[in-house]
Amino acid sequence: MSDYTAPLDDIAFLLRHVFPFTATMAELPAFAEIDADLAVSVLDEAGKLCSEVIAPTNRTGDEEGCVLENGLVRTPTGMAEAYATFQQAGWASLSGDPEYGGQGLPRTVQVLFDEMVSAANLSFGLFPGLTRGAAEAVTEHASDALKSIYLPKLISGEWTGVMAMTEAGAGSDLGRLVTRAEPQADGSVLLQGSKIFISSGDHDFGGNIVHLVLARLPDAALGTRGISLFLAPKYLVGADGSLGAANGISVGAIEHKMGIHGQPTCVINYDGARGWLVGEAGRGLNAMFTMMNAERLFVGIQGLGIADIATQRATAYARERIQGRDAKGPTAIIAHPDVRKMLLTGQSFVAAGRALAAWTSMQMDIAAQHPDAEVRKQAADLVALLTPVIKAGFTDLGFETAVLAQQVFGGHGYIREWGMEQFVRDARIAQLYEGTNGIQALDLVTRKIQPNEGATAKSFFDTIKAEIVQARAIDTLRADAEAIANALSRLDDLTQLAVSKTGDTAETGALATDYLRVFLLVSLGWTLLRTARVALDHPDQRERRLALLAFFSQRTLPQVEGFALAIRAGAQSITAEAALA
Ligand SMILES: Cc1cc2nc3c(=O)[nH]c(=O)nc-3n(C[C@H](O)[C@H](O)[C@H](O)COP(=O)(O)OP(=O)(O)OC[C@H]3O[C@@H](n4cnc5c(N)ncnc54)[C@H](O)[C@@H]3O)c2cc1C
């Protein structure tokens, strides 16, 4: 039995009414035939897969973990079978490029699917998530020869992908990596070095494992400019696509982790492994950024998925658990304001976050497929702006939500059999990998805000302002619209402040994470406002959407004021020599 309910009603409302999917796709020739009904019916099936096939592997994965036996990884009971069902039914290729066998569905459908997979089993979701990112990097940067061999198998999910960047001395600062690539006469290289923390580094799903490895060619420049990207398969591949000899790639160990025990995070050794250059020599980080950006959004969505399942469980529990009494007698804990506040914090984040994810993924579809280059660029800029906000913001709130949901269970939340402590442990990783959330905040401020003096942010704020104008004209929404307008005005001021600190690393570093949180809160307020306005015409949605908006604008959004005050206080108290013992 599964206790995960795929959020199909919410998804259908979002795609049909809040951010109309059919109208958006109609402008994109590649997707013109794909309407909201088709998307919802695909996601309906996807939801069944997540509830019936993937979710049942979550607990076993946590209990058993992955094991290294004779140099090979064995995944927990049921994982390989679930992956086979997933892959053979075509779910791995949902949004893959049709030129290489993919089904070519929009990113919007993929992202909503990713949320469900992450909710069902975060560890499982990393296998297809990384494989898709690897396929994207190969599509964008590899030679035609590499594409023809590897893309069909990566897109079908028969082979899985690995992102091999981190080393013991090179984490956030990849410029310190030392893995070497020795050029060979036939144009390949031999890779020598060791990577740590490599997700999906090995498994027992069959097929091949395609490593995208960052390494240095001889005489490469120091720092990030000397890094190149190489593709190295676990098994060498014959001209006919058949699997040949093992390729000098071995698992040194499985990392012992706080959570995601169903996911084999490995130390990987490259001992003369044959690899091939992807993209230009010395531009490896640039090529890897294609994969990293895809993964950053994916990881943000992991935070959302965990928040949803943890809140679903906590809400069901709160309805059943009798503690305390009211005038009528013993009462379920859902009657207590403090419990309600915890549940509403989770539910409002999930509703707002899913809407923001849907809108952002529609921008990704526009960026990839719109016939007008200028429209494509605007959409790509918005996606780039929101990528760190979603990665860091959704994973921070994902973890906070998981902790609140655990709190709703009281002491039972701390006991393993209830499953809530697993969510807390699993949610924690998403704040750390794929660039820590601190690094995401710096990315937002120093790469997406400061270089263009906040121009892309302003265009996003204009979208929010347009919604506020509409909502202000409606009595029922006026107070919430004002609250969001005030928060937006703070964000606007803080954006100018951040721009004024360009080049000042201390001030920029001190404000970045708080600024990202303000950006997130305002963005979530916007999607809730829009959803509530649209829901006014839908009696089945109206009251709940208004209530979620009211809760968020009255009980969560005021946090913006606190963050604004902290940011305005400046860096001095943080950077003062005397402050840290
Ligand atoms: C379970 C797991 C799975 C992973 N999967 C993969 C994978 O598949 N592939 C892969 O290549 N890597 C993977 N990683 C590695 C992960 O991406 C890194 O751990 C992460 O990027 C941080 O690097 P680090 O651990 O070396 O921390 P450090 O870089 O040492 O950072 C330590 C602290 O300092 C802060 N910090 C560092 N530099 C700065 C700076 N310039 N400004 C401000 N703050 C800074 C960080 O935010 C952090 O709080 C995985 C890690 C884990 C734990």
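Order of appearance sets the numbers: ligands from 1, and atoms from 1 within every ligand.
Between E63 and R59 a salt bridge is recorded (basic side-chain N to carboxylate O distance below 4.0 Å). A salt bridge links R107 with E136; the closest basic N to acidic carboxylate O contact falls under 4.0 Å. A salt bridge does not link K391 to D443: none of the charged side-chain nitrogens sits closer than 4.0 Å to a carboxylate oxygen. Ion pair R132/D114 flagged as a salt bridge, since at least one NZ, NE, NH1 or NH2 atom sits closer than 4.0 Å to an Asp/Glu carboxylate oxygen. Ion pair E453/K501 not flagged as a salt bridge, since none of the NZ, NE, NH1 or NH2 atoms sits closer than 4.0 Å to an Asp/Glu carboxylate oxygen.
Residues forming a side chain to side chain donor-acceptor pair (under 3.5 Å) with T160 (at least two apart in sequence, or on another chain): H203.
For I155 against G101, the heavy-atom pair with the smallest separation is CG2-C, 4.2 Å. Taking all atoms of both residues into account, the shortest heavy-atom contact from L146 to L277 is CD1-O, 3.7 Å.
Looking at G201, C266, G435 and measuring to atom 21 (O) of ligand 1, the nearest heavy atom belongs to G435. Summarising the contacts of atom 20 (C) of ligand 1 with L214, L432, L126, the nearest heavy atom is found in L432. Considering only non-hydrogen atoms, atom 36 (N) of ligand 1 lies nearest to S172 out of P264, G171, S172.
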Steps toward ring-ring contact (aromatic ring centres under 6.0 Å, His included) verdict (F127, F205): CA-CA 10 Å; F127 289 102; F205 298 174; 4.6 Å; yes

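The N/O atoms of M163, backbone and side chain alike, include one that comes under 3.5 Å of an N/O atom in ligand 1. The shortest N or O to N or O distance between T265 and ligand 1 is not under 3.5 Å. Ligand 1 has a nitrogen or oxygen under 3.5 angstrom from a nitrogen or oxygen of F197. Between D173 and ligand 1, no pair of N/O atoms sits closer than 3.5 Å. Some N or O of S199 is nearer than 3.5 Å to an N or O of ligand 1, by distance alone. Ligand 1 has no N or O atom lying under 3.5 Å from any N or O atom of A170, backbone or side chain.
Taking the ring centroids of F349 and F394, they lie under the 6.0 Å cut-off.
Distance check: T166 OG1 to M163 CE gives 8.5 Å after rounding to the nearest 0.5 Å.
Nearest protein neighbour of atom 22 (C) of ligand 1, counting heavy atoms only, is T436 CG2, 3.8 Å. Protein heavy atom closest to atom 40 (C) of ligand 1, with residue, atom name and distance, is I439 CD1, 3.8 Å. Protein heavy atom in closest approach to atom 52 (C) of ligand 1: I429 CD1, 3.7 Å. Of the protein's heavy atoms, T166 OG1, 2.7 Å lies nearest to atom 12 (N) of ligand 1.
In this structure, atom 34 (O) of ligand 1 has its sub-4.0 angstrom surroundings free of protein heavy atoms. Taking a distance limit of 4.0 Å, we find that atom 49 (O) of ligand 1 is approached by no protein heavy atom. Remark: atom 30 (O) of ligand 1 lies closer than 4.0 Å to no protein heavy atom.
Note on residues 422-435: pairs passing salt bridge (charged side-chain N to carboxylate O under 4.0 Å, His left out), not counting sequence neighbours, are D62-R425, E421-R425.
Of all atoms in ligand 1, numbered sequentially from 1 with element shown, those under 4.0 Å from a heavy atom of L442 are 42 (N), 43 (C). Interface atoms of ligand 1 facing E434, defined by a heavy-atom separation under 4.0 Å, are 17 (O). Heavy-atom proximity to K257, at under 4.0 Å, picks out these atoms of ligand 1: 1 (C).
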